[in-house]
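Here the structure is laid out as structure tokens; the discussion comes afterwards.
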Amino acid sequence: VLRYFPFVIMSITATLLLPQTIIICNNGLKKRNSAFVLRIMYFNAFYALVREHFGNDDRLFFTALITLSHTIPVVLHHLFVTFLGMMKWCEDQRSQFDRPIDKHLVSKCYLHNFINHVIVMPLFLYYCAYPVFIWVTPELDQELPSTWVMLKHLFVCICCEDTLFYWGHRLLHHPWLYKRFHKKHHEFTVLTGCSFAAEYTHPVESLFGNIVPVMAGPIYTKCGTYI
């Protein structure tokens, strides 16, 4: 049991950090200085902090909230995996002990993740996602939907994300796209303990292969920014 205890803790942590959220418009974005209202299970303090700093600008608030909602769990997961490596709790689960780790590649991984999370994603959310979400949700004074509707939207969003991500990944293995964009993701050939390697991608892939599939579900269901 103790052997798998770290994985159990990691699973529980991931579940608690998963923001089961619905963001709805309050009083309409075209009225006064209204902003998005976040109904969230675990991030009330986090929401209040972002709201305090970015609430006067709805577009900026939307961008900051979605960016941080994705980036913070990714960073926390990386720190947790790094902690497991430092404590050597899962050494018997590792492989490729005889292959050296390319520290230069790990540094590149950190840099590219920084670019994708801090530059690429916010720019896309600010200039593209925000106008689309407002356009597909004409009823800005919407109420929080029922539990059944929320579950239905969540199911559709998961199906959209999983389907588009899978076929997008398959498409990225086309020789023309692989050589120019997806090859970067496969530069890691040795397990490094750096969980950021999972999101080590070209900015184009980060945008169209990772971000767009997540955004497609809320746009299709017109449920606002249901994350």
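We use all heavy atoms of the structure for the numbers below, so side chains are in, but hydrogens, waters and symmetry mates are not.
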Please round to the nearest 0.5 Å and tell me the distance separating atom OG of S206 and atom NZ of K184. 12.0 Å

N113 side chain to C109 backbone, donor-acceptor under 3.5 Å: yes

same_hphob_cluster(I134, V132) at 4.5 Å side-chain heavy-atom cutoff: yes

If we count only N and O atoms by modelled type, under 3.5 Å, do the side chains of Y200 and H186 hold a donor and an acceptor together? no

Please answer: with hydrophobic residues joined when any side-chain heavy atoms are less than 4.5 Å apart, are V74 and L79 in the same cluster? yes

Answer yes if L164 and V212 sit in the same cluster of Ile, Leu, Val, Met, Phe, Trp and Tyr residues linked by side chain heavy atoms under 4.5 Å apart, and no otherwise. no

List in chain and number order the residues that pass side chain to side chain contact (heavy atoms under 4.5 Å, CB included) with A129, two or more places apart in sequence or in another chain; answer none if no residue qualifies. F62, F124, L125, F133

Once the angle between the rings of Y178 and H182 is folded into 0 to 90°, is it parallel (under 30°), tilted (30 to 60°) or perpendicular (over 60°)? perpendicular

Can you name the residues that form a side-chain hydrogen bond (donor to acceptor under 3.5 Å, both in side chains) with T67, not counting sequence neighbours? none

Just by modelled atom types, is the T201 backbone N or O under 3.5 Å from a matching donor or acceptor in the N116 side chain? yes

I'd like to check P218 versus C157 (side-chain heavy atoms, cut-off strictly below 4.5 Å). Are they in contact? yes

Rounded to the nearest 0.5 Å, how far does CZ of F165 lie from CG of L172? 9.0 Å

Would a hydrophobic clustering, with Ile, Leu, Val, Met, Phe, Trp and Tyr connected at side-chain separations under 4.5 Å, put W167 with I211? no

State, with a plain yes or no, whether a side-chain heavy atom of P131 is found less than 4.5 Å away from one of R59. yes

Taking side chain to side chain contact (heavy atoms under 4.5 Å, CB included) as the test, write out the residues that go with L171, two or more places apart. L177

Just to verify, what does F155 make a ring pair (Phe, Tyr, Trp, His ring centres under 6.0 Å) with, not counting sequence neighbours? none

Using the ring of each side chain (for Trp, its six-membered ring), is F83 parallel, tilted or perpendicular to F80, with breaks at 30° and 60°? tilted

Can you name the residues that form a side-chain hydrogen bond (donor to acceptor under 3.5 Å, both in side chains) with Y166, not counting sequence neighbours? R170

Are Y110 and H78 close enough that some pair of their side-chain heavy atoms sits under 4.5 Å apart? yes

Value for CD1 (I158) from OG1 (T163), rounded to nearest 0.5 Å, stands at 11.0 Å

Residues passing the salt bridge (Lys or Arg N to Asp or Glu O under 4.0 Å) test with K108, sequence neighbours excluded, are E187

Is the shortest heavy-atom distance from the side chain of E199 to the side chain of H117 under 4.5 Å? yes

On a heavy-atom basis, which atom in V214 and which in N210 lie closest, and how many Å separate them? CG2-O, 3.3 Å

Any link between M215 and V156 through a network of hydrophobic side chains (Ile, Leu, Val, Met, Phe, Trp, Tyr) touching at under 4.5 Å? no

Can you tell if the side chain of V106 reaches within under 4.5 Å of the side chain of F196, non-hydrogen atoms only? no

Heavy atoms of other groups near F208 CZ, more than 12 under 6.0 Å: no

Side-chain heavy-atom pair I66, H70 within 4.5 angstrom cut-off: no

